[in-house]
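Read through the structure below, which is laid out as structure tokens, and then see the notes.
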Amino acid sequence: MTAIKHALQRDIFTPNDERLLSIVNVCKAGKKKKNCFLCATVTTERPVQVNVVKVKKSDKGDFYKRQTAWALRDLAVVDAKDANKSSTNLHIQQDVPVPKNGRENPEFDLHFEKVYKWVASSTAEKNAFISCIWKLNQRYLRKKIEFVNVSSQLLEELPKVAEESVPSGENQSAAGGDEESLDEYQELNAREEQDIEIMMDGCEYAISNAEAFAEKLSRELQVLDGANIQSIMASEKQVNILMQLLDDALKEVDKIEHKLSSYEEMLQSVKEQMDHISQSNDLIQLSNTNNMKLLEEIEFLVNYLDLSKGHIKALTDGDLSSSKGIEACTNAAEALLQCMNVALRPGHDRLQAVQQQQQQFKDLREQFARRLANHLNNVFVQQFTQTLTLHYRRASYHSVSGHDQSSTLAQHSAELTLPKHLPFHRDLLRYAKLMEWLKNTDREKYDGLNKNYVDYISRLYEREIKEFFEVAKIKMTGTSKEGKKFGLHGSSGKLTGSTSSLNKLSVQGSGNRRSQSSSLLDMGNMSASDLDVADRTKFDKIFEQVLSELEPLCLAEQDFISKFFKLQQNPALPGSVVADSTEIDGGLLSRQHNLLGDRHSVPSEKEEASIIRAMMIKVFRCIEPELNNLISLGDKIDSFNSLYMLVKMSYHVWTAENVDPASYLSTTLGNVLVTVKRNFDKCILNQVKQMEEVKISKKSKVGILPFVSGFEEFAELAESIFRIAERRGDLDKAYTKLIRAVYNNVEKVANESQKTPRDVVMMENFHHIFSTLSRLKIACLETERREAKHKYTEHLQSYVIYSLGQPLEKLNHFFEGIEARVAQGIREDEVSYQLAFNKQELRKVIKEYPGKEVKKGLDNLYKKVDKHLCEEENLLQVMWHSMQDEFIRQYKHFEGLIGRCYPGSGITMEFTIQDILEYFSSIAQSH
């Protein structure tokens, strides 16, 4: 163990300026045996640091490495686990003997931040390590570690250390002795080595003659001892003087103690008096504290439960019609609410004065709430009465004057505007804070005002909105007489249930009559001037004006209701508004009364948003039916008005949703937009149905079909309307339905045509469609445009080939026979040996078609083609040029067959390619 200790000191601790004092070989308890060393070390530098270091042998060699270090000041408990000892601390009794037959236990625990359980290699090493820890604790830590189950024999120096107090010099020597006892080996420091060297230099013979050196040291020691004795004897007189001085000092101390005793007796009476005074002060302080608390309670009640006379007067007699009076009443009402909402402390409600004050507050609240509700009801009635009076006066004036009411409405509403209620809202908003107070204090009267306002304002809006829509309808239809044809009667502004066909509706114009139910067929038979685009533009402007007037009216009213009745608007309110709006007088209003009728509950934000929506639906209950009637009228006037209405309605719905997606305006316009979209889809289906029902004349050529021209007119109109529209997708779907119907019905008509060849019908109409789609550049119909071009080209080529077979019929049949023989496997140079296709037969056929005969046949062909083609599409020259190219191609093909099948025969056609070009050119010029 000594060798290991020296090795650890040299390799590990000396480089770190530490000294190794004790070592024990241990392993962890309860685990696989892995030996290591616990070392007790101190640093060589001041201040001294004491550590417990865990050293472990390296797995890769025979050297040791420092693994863990704990500061000794962190050690709380050392448990030696001696079974024969009870728990003890630093003051261990020494009179308990250690049994000789006691069983040795090498286990011990060290309590740092956690408990470390160790098993020493031997009990002697454990005891030596624990003893070293105890000594280091006594010297450096001053008894801060608790030693448990430690034998007193290990700590036999405890009484000496605990009881003796030695001078500093002796303490240092004792400390030196302790260190010598703690350590068997200690290196000399530099000063000690220097002193020894000086001494040995002075005695050169010390090494050669040790006895002489020892005798010299002995003589010098005797000299020093003699000098010490003489010094002690010389100081005896001084010691006696010192003892005399000590005796005098003790006498003085006795005198001072006597005086202090007398003083203490005198102060004893003063202490008793001060105790009495202290008790009196405590009672006075207690009384003062109670008075302060009582004053604090009284000030609290006076400050928070007192309403000024001015506020009481404002609540009882304040003027609710002037701005100053409203402000005074508002301040008084808020002050009253603060007084009533004061959180009383325990016991306050039992005070009679507090109860009386609270009863006074309740009476004031009820009195003011009743007065405020009556005043606001009067304001509602006054506003409604004034508006009705104005309407009655105007109606009476025109009735006496003999004017028709519809013309009167048109005359006095030339601008087509709705009355603005901003002044009325501005007057009522002065009471907004009082309404909030009423909402928080008296729910019943608040709900009553809510219901009364809705009743009065809904009747007012209903009259104004119906007159507004009546004027709009008259403007759309022109005069009232013309309006009767669309179901308008008098000034009611309602449409009858006319079931007449849209194709039969008409309006008398200035000297001419035109159909108001536009269709693809009608448009194909009318010129652009007959369409009277001004009427549609007029309708578009009127419809836009109607929506533009309704939008600010609804938003202003909803904003006023929210501010005046202090209701929170919640744009993200869940639930279907469309479903609620379908039952205005039924379930929805009952839901409103449920929301408003509960006096004891405060609605949440979602419920308040539902209240706003229910109020708006009842206030403007006539808007949606009137809008639907107006849309129905516009659809009867001209079915294509649905395009204008779809664009305008979509834009206003989008605008309303950006402002508030859950607003009444947004949901109502959304419902109406659904109706407009259905009318638009119905219009498209009607056009498709009319295409399917089209009939053509058997005695005249077909030409461009009416619905093909109608589709062109529809596309031009739709593109002008939907140029910057929000719902472009609806138009694209309609385009797809219409174009497929056009294609199918063009082919159907072509198959049924008797006067005009099928290829001509297909060619002309698909050419017209291709030209239209190329000009309008409709992105969603690009595929259909390419399809139209393909069909046009295909049927053009088919018609050309079919037509050219007639002028040279025998020649065509002869060469077709040759091609058939070649296809059957006969070689081309052997065809001339066939009886039906020998050279003589070829010459006979060629002679039948001299140049003059060919030109005559082509001239007849030109006239026939001219009869088949229509003038609208102007395809005659295109067709004639294609026939020329095809004829030349056939000529070259015939010449090639003659050269291959009749080589060296010298047989040629009676005309040349140049002749063909001249024939075609002269025929075209002559016609």
Side-chain angles (χ1 to χ4, degrees), residues 42-43 45-50 72-73 76 88-96 131-147 150 152-182 189 191-192 195 220-286:
V42 296
T43 59
E45 298 179 353
R46 299 286 180 176
V48 176
Q49 300 292 330
V50 184
L72 190 63
R73 63 175 177 272
T88 183
N89 53 16
L90 290 175
H91 301 284
I92 299 177
Q93 298 179 359
Q94 294 180 344
D95 56 353
V96 181
S131 177
C132 179
I133 294 296
W134 180 83
K135 291 178 182 179
L136 292 173
N137 173 55
Q138 293 298 313
R139 181 175 181 185
Y140 297 107
L141 303 183
R142 302 301 180 188
K143 303 179 182 179
K144 292 182 180 180
I145 301 175
E146 181 180 0
F147 289 84
V150 180
S152 60
Q153 293 179 353
L154 297 178
L155 311 175
E156 55 189 13
E157 294 185 4
L158 176 62
K160 297 180 182 179
V161 176
E163 297 176 2
E164 292 182 359
S165 177
V166 298
S168 60
E170 295 178 5
N171 189 16
Q172 292 175 0
S173 63
D178 290 340
E179 290 178 2
E180 290 175 1
S181 65
L182 290 174
N189 56 32
R191 184 172 181 179
E192 290 174 344
D195 291 341
E220 291 180 354
L221 183 60
Q222 290 176 2
V223 173
L224 291 174
D225 290 339
N228 289 334
I229 293 173
Q230 292 178 1
S231 175
I232 292 171
M233 293 177 64
S235 61
E236 183 178 0
K237 183 178 179 179
Q238 296 178 354
V239 171
N240 292 331
I241 296 171
L242 179 61
M243 295 298 293
Q244 184 64 34
L245 293 174
L246 291 174
D247 292 337
D248 295 340
L250 290 174
K251 292 178 180 180
E252 293 295 329
V253 169
D254 291 337
K255 293 178 180 181
I256 293 173
E257 288 181 353
H258 181 70
K259 289 183 179 180
L260 289 176
S261 298
S262 62
Y263 292 156
E264 185 177 0
E265 293 176 358
M266 295 171 63
L267 290 174
Q268 186 65 31
S269 61
V270 177
K271 180 181 178 183
E272 293 177 357
Q273 295 177 2
M274 293 301 297
D275 290 340
H276 288 297
I277 293 173
S278 176
Q279 293 177 1
S280 299
N281 287 337
D282 291 340
L283 294 176
I284 293 172
Q285 184 67 28
L286 179 60

Hey, could you give me the CG/CG distance between Asp254 and Leu250, rounded to the nearest 0.5 Å?
7.0 Å

Are Lys271 and Asp275 side-chain neighbours, meaning at least one heavy-atom pair lies under 4.5 Å?
yes

Validation: residues 260-268 side-chain donor-acceptor distances under 3.5 Å, sequence neighbours left out:
unit_1	atom_1	unit_2	atom_2	d
Ser261	OG	Glu257	O	3.0
Ser262	OG	Lys259	O	2.6

Under 4.5 Å between any side-chain heavy atoms of Val150 and Trp134, yes or no?
no

Which residues satisfy the side-chain contact (heavy atoms from CB on, under 4.5 Å) test with Asn240, sequence neighbours excluded?
Glu236

Side chains of Glu220 and Val223: does their closest heavy-atom pair fall under 4.5 Å?
no

Any chance you could measure Met274, atom CE, to Ile277, atom CD1, to the nearest 0.5 Å?
5.0 Å

Under the side-chain contact (heavy atoms from CB on, under 4.5 Å) rule, collect the residues that match up with Glu45, sequence neighbours excluded.
Asp17

Interatomic distance, Leu242 atom CG to Asp247 atom CG [nearest 0.5 angstrom]
10.0 Å

Going by side-chain contact (heavy atoms from CB on, under 4.5 Å), name the residues that satisfy it together with Leu283, two or more places apart in sequence or in a different chain.
none

Considering all heavy atoms of both residues, which atom of Leu72 and which atom of Leu136 are nearest to each other, and what is their separation?
CD2-CB, 3.9 Å

